[in-house]
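What follows is one structure encoded as structure tokens, with my remarks underneath.
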Amino acid sequence: MQVPVKPKLKIATTSLAGCFGCHMSFLDIDERLFDLIELAEFDRSPFTDIKHCGPCDIGLIEGGLCNAENVHVLREFRANCKTLVAVGACAINGGLPAQRNHLSIATVLTEIYHTQHGLVGGFIPNDPELPLPLNQVHPIHEVVKIDYFIPGCPPSGEAIWKVLTDLIAGREPDLSHGLMQFD
Amino acid sequence: MSFVLETAANPENLRRVAIDPLSRVEGHGKVTILLDDQNKVHQVRLHIVEFRGFEKFIQGRPYWEVPVMVQRLCGICPVSHHLAASKALDEIVGAKQLTPTADKMRRLMHYGQILQSHALHFFHLSSPDLLFGFDSDIAKRNIVGIAEQHPEIARQGVLLRKFGQEVIRHTAGKRIHGTGAVPGGVNKSLSITERDELLKDIDDMMTWSLGAVHLVKLMHQQNPALYDHFGAFKANFMSMVGFDGGMDLYHGHLRARDGAGNILFDGVHYQNYSQIIEEEVKNWTYMKFPYLKSMGAEKGWYRVGPLSRMQNCDFISTPLAELERRDFIEYSGVMPMHAPLGYHWARMIEMLHAVEVIKNLLHDSDILGNDLIITGERGFEGVGVIEAPRGTLIHHYRVDENDLVTMCNLIVSTTHNNQAMNEAVRRVAQQYLHGHEITEGLLNHIEVAVRAFDPCLSCATHALGKMPLEIEVLNAASDQLSRLSRSSEGILSTPSSVV
Ligand code: SF4
């Protein structure tokens with residue numbers, strides 16, 4: 001008789017308004033990636049060619065919300081992921097991209113596409129293919145419920161590994177001393 | 001100025017196909033294609049869909065914050081931004097010539113970054129296309145598939161990247177977004193323990209990166225029809241080269257060649273970049289289009305990155321990489337190699353070079369020194385240029401008497417390659433999609449072309465990351481007739497009626 005194989009957990013990841021640093025930090029688990037893929041498989045992620053999130057156990061979100069499409073993707077993740085984790089400063093409080101929040105988006109766009117150094121005949125890109133920018137960059141918890149937060153810019157590979165292994169084992173994630181960082 | 005296949009004459013009568021999001025690349029972008037009833041391609045565009053505005057909000061910040069802030073443009077090559085900004089700010093603090101320790105620590109950090117980024121790009125992101133095939137099973141076409149089918153290749157890739165990240169950690173304090181470089185120098189040197197820890201693994205890295213060069217070389221030799229022609233187009237090349245004409249990814253002057261390999265300019269001090277490069281905006285993408293001023297927008301666009309650097313330099317200073325460079329040049333013959341897939345080959349030679357440079361630096365006692373920072377006469381404007389993993393990166397700042405930034409202009413590597421990437425996807429669309437029924441595998445061909453450039457669309461948005469696939473079919477009146485999408489299992493579906 002065959003022993004039933006326990007199905008692998010599904011993990012999805014995405015980068016919204018982030019720099020990919022949190023994804024790179026995830027890869028900083030190094031060889032433990034090979035242990036992880038014994039226990040879990042990837043759904044939508046920049047590391048796979050799956051373009052839309054299906055039902056998943058864990059969703060990791062990097063980055064805040066800077067345009068309408070970010071909001072759309074975040075909702076897709078919340079609708080599909082049992083546990084949603086905000087990874088890094090940008091997801092938690094907007095991070096560096098939120099530095100534009102004290103300026104009007106119109107001013108920023110004008111300056112960069114109109115009057116910037118070395119530019120010839122500028123105008124603001126406006127094609128319908130480009131998602132509408134939001135007036136301000138928002139943290140993700142303002143739009144959907146987030147289950148866990150891993151601070152840091154980026155959180156270390158160690159911290160991400162700890163939270164993932166806790167969640168996979170069914171434990172409450174616990175970032176003890178040394179894993180909680182804010183820079 | 002519009003190029004062939006950039007803008008369809010009658011878009012209203014065409015179907016739209018979108019690859020959204022692009023995956024296994026870094027950053028947020030998509031490709032849209034307009035086709036007629038016979039599946040003939042009329043328009044192809046690579047769009048960068050996110051906007052951050054970094055150049056504006058950096059204004060008013062104290063200059064010494066800049067090297068740490070700018071890294072957050074991009075978590076894949078933060079060191080490049082960190083160092084380009086630091087080089088620009090060296091001018092502000094009047095540090096004309098850094099101490100040997102500072103110069104070598106920065107170089108060590110930079111080559112650590114070249115190593116980790118090239119390893120990530122080749123093994124984690126692109127190797128699945130090359131090892132499994134462009135239209136292979138979507139469920140396997142990723143690093144997990146490589147780990148299952150080619151475990152040794154995956155292991156070497158992961159450990160090469162790890163080593164590069166460790167070089168960065170020891171030089172910058174942290175693997176991602178560290179703080180090692182400061183205006184005028186660095187804030188740490190290496191301890192003997194740190195040095196020995198890195199030296200312990202260096203010979204494995206050498207063997208594995210040489211193995212990676214041979215792997216890609218073999219792909220070209222075994223399948224030249226694909227590797228030498230896929231998405232190929234002729235274009236100019238630009239890069240920084242060392243003052244002696246050799247490959248130098250940290251410092252030097254600018255050189256460009258035309259598509260036949262003739263020198264267009266050489267020895268241009270990068271402080272004068274704005275005299276040679278101009279940028280244009282198009283309404284359908286947030287990424288600007290730079291070109292050589294002297295040749296104009298139509299003829300003056302160019303490529304940067306490994307393919308340019310390999311064919312632009314006169315030699316490589318380290319022996320193993322130099323042998324491989326000669327093989328590369330000999331393989332391409334009298335004409336330069338223009339094939340986008342040649343980027344991977346050149347990239348792996350550079351990775352090998354990076355390991356050799358790291359080894360040399362680790363054996364140099366200057367990296368253990370204590371003389372870290374110098375300053376001189378205060379300046380108010382500075383340009384810093386570096387060859388980032390993806391190509392030439394330009395940072396330019398003005399700072400006022402109160403130490404606040406008043407102007408910032410960035411031209412990131414991927415932006416230089418904007419027209420070249422658009423050209424590559426248009427060629428692939430002509431070569432493979434034109435007149436055919438669109439399939440997922442065909443669409444991945446488009447992405448393979450984009451990936452060859454290793455675009456960092458994260459940087460290119462000046463601060464957001466993720467390349468978003470989805471096909472929409474519109475009728476003559478732009479009503480959606482059908483929508484083809486990749487489901488979470490990667491299966492293409494047409495939720496509504498098919499044309
Ligand atoms: S938190 Fe930091 S590392 Fe993560 S996406 Fe934001 S800027 Fe990048």
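Chain identifiers are assigned alphabetically (A, B, ...) following the order of the sequence lines, protein sequences preceding nucleic acid strands; residue numbering begins at 1 within each chain. Values below: all heavy atoms of this structure, side chains included; hydrogens, waters and symmetry mates excluded.
Taken from CG in A:L33 to NZ in B:K162, the straight-line distance is 12.5 Å, to the nearest 0.5 Å. Here the NE2 atom belonging to A:H23 is positioned 11.5 Å from the CG atom belonging to B:L120, to the nearest 0.5 angstrom. Taking CZ of B:F57 as the reference point, atom CG of A:L103 lies at 9.0 Å (rounded to 0.5 Å). One distance of note links CZ of B:R72 with CG of A:L96; it measures 7.5 Å at 0.5 Å rounding. Here the straight-line distance linking atom NZ of A:K51 with atom CG of B:L443 works out to 9.0 Å at 0.5 Å rounding. Separation of atoms CD1 (B:I76) and CZ (A:F20) is listed at 5.5 Å; rounding is to 0.5 Å.
For B:T179, no part lies under 4.5 angstrom from a heavy atom of chain A. Only the side chain of A:I105 has a heavy atom closer than 4.5 Å to any heavy atom of chain B. Residue contact with chain B, scored on non-hydrogen atoms closer than 4.5 Å, involves the backbone and the side chain of A:C153 alike. Heavy atoms closer than 4.5 Å to chain B are found in the side chain of A:Q181, but not in its backbone. Residue B:I58: no heavy atom, backbone or side chain, is found under 4.5 Å from chain A. Contacts between B:F289 and chain A at a heavy-atom distance below 4.5 Å are absent for every atom of the residue. Proximity to chain A (any heavy atom under 4.5 Å) is restricted, for B:R398, to the side chain, taken from C-beta onward. Only the side chain of B:Q165 comes within contact range of chain A, judged by heavy atoms closer than 4.5 Å. Residue A:N101: no heavy atom, backbone or side chain, is found under 4.5 Å from chain B.
Pairing each heavy atom of B:R61 with each of A:Q99, the nearest pair is NH1-OE1, 3.6 Å. Closest approach of B:Y286 and A:P125 over heavy atoms only: CD2-CG, 3.8 Å. When all heavy atoms of A:L130 and B:N283 are compared, the pair lying nearest together is CD1-O, 3.7 Å. Among all heavy-atom pairs drawn from A:D127 and B:W284, the shortest one is CB-CA, 3.4 Å. Taking each heavy atom of B:A147 and A:F34 in turn, the nearest pair found is CB-CE2, 3.8 Å.
The pair A:D49-B:R24 counts as a salt bridge, with a side-chain nitrogen and a carboxylate oxygen less than 4.0 angstrom apart.
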query = So B:L159 and A:E31, side-chain contact (heavy atoms from CB on, under 4.5 Å) or not? Walk me through it.
reply = CA-CA 7 Å; B:L159 293 178; A:E31 313 89 296; 3.5 Å; yes
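Checking side-chain atoms of B:K174 against main-chain N and O of A:D183 turns up a donor-acceptor pair under 3.5 Å. Of the possible polar contacts, none joining the B:R175 side chain to the A:G157 backbone as a donor-acceptor pair under 3.5 Å is found.
B:H177 is not listed as a side-chain neighbour of A:M24, based on a closest heavy-atom distance of 4.5 Å or more. Two residues are said to be in side-chain contact when any heavy atoms from C-beta on lie closer than 4.5 Å; A:F42 and B:V144 meet this criterion.
Test B:H47, B:K30, B:R45 against A:E129 for side chain to side chain donor-acceptor pair (under 3.5 Å) and you get one pass: B:K30.
Note: A:P131 leads A:C22, A:S156, A:P131 in heavy-atom pairs under 4.5 Å with chain B. Counting heavy-atom pairs under 4.5 Å between each of B:E148, B:E278, B:R155, B:R161 and chain A puts B:R161 at the top. Per-residue counts of heavy-atom pairs under 4.5 Å with chain A were compared for B:I277, B:I176, B:V158; the largest is that of B:I176. If you tally non-hydrogen atom pairs under 4.5 Å between each of A:T48, A:D28, A:I37 and chain B, the highest count goes to A:D28. Interface check for chain A: of the options B:H124, B:K293, B:Q116, B:M69, the most heavy-atom pairs under 4.5 Å are formed by B:M69.
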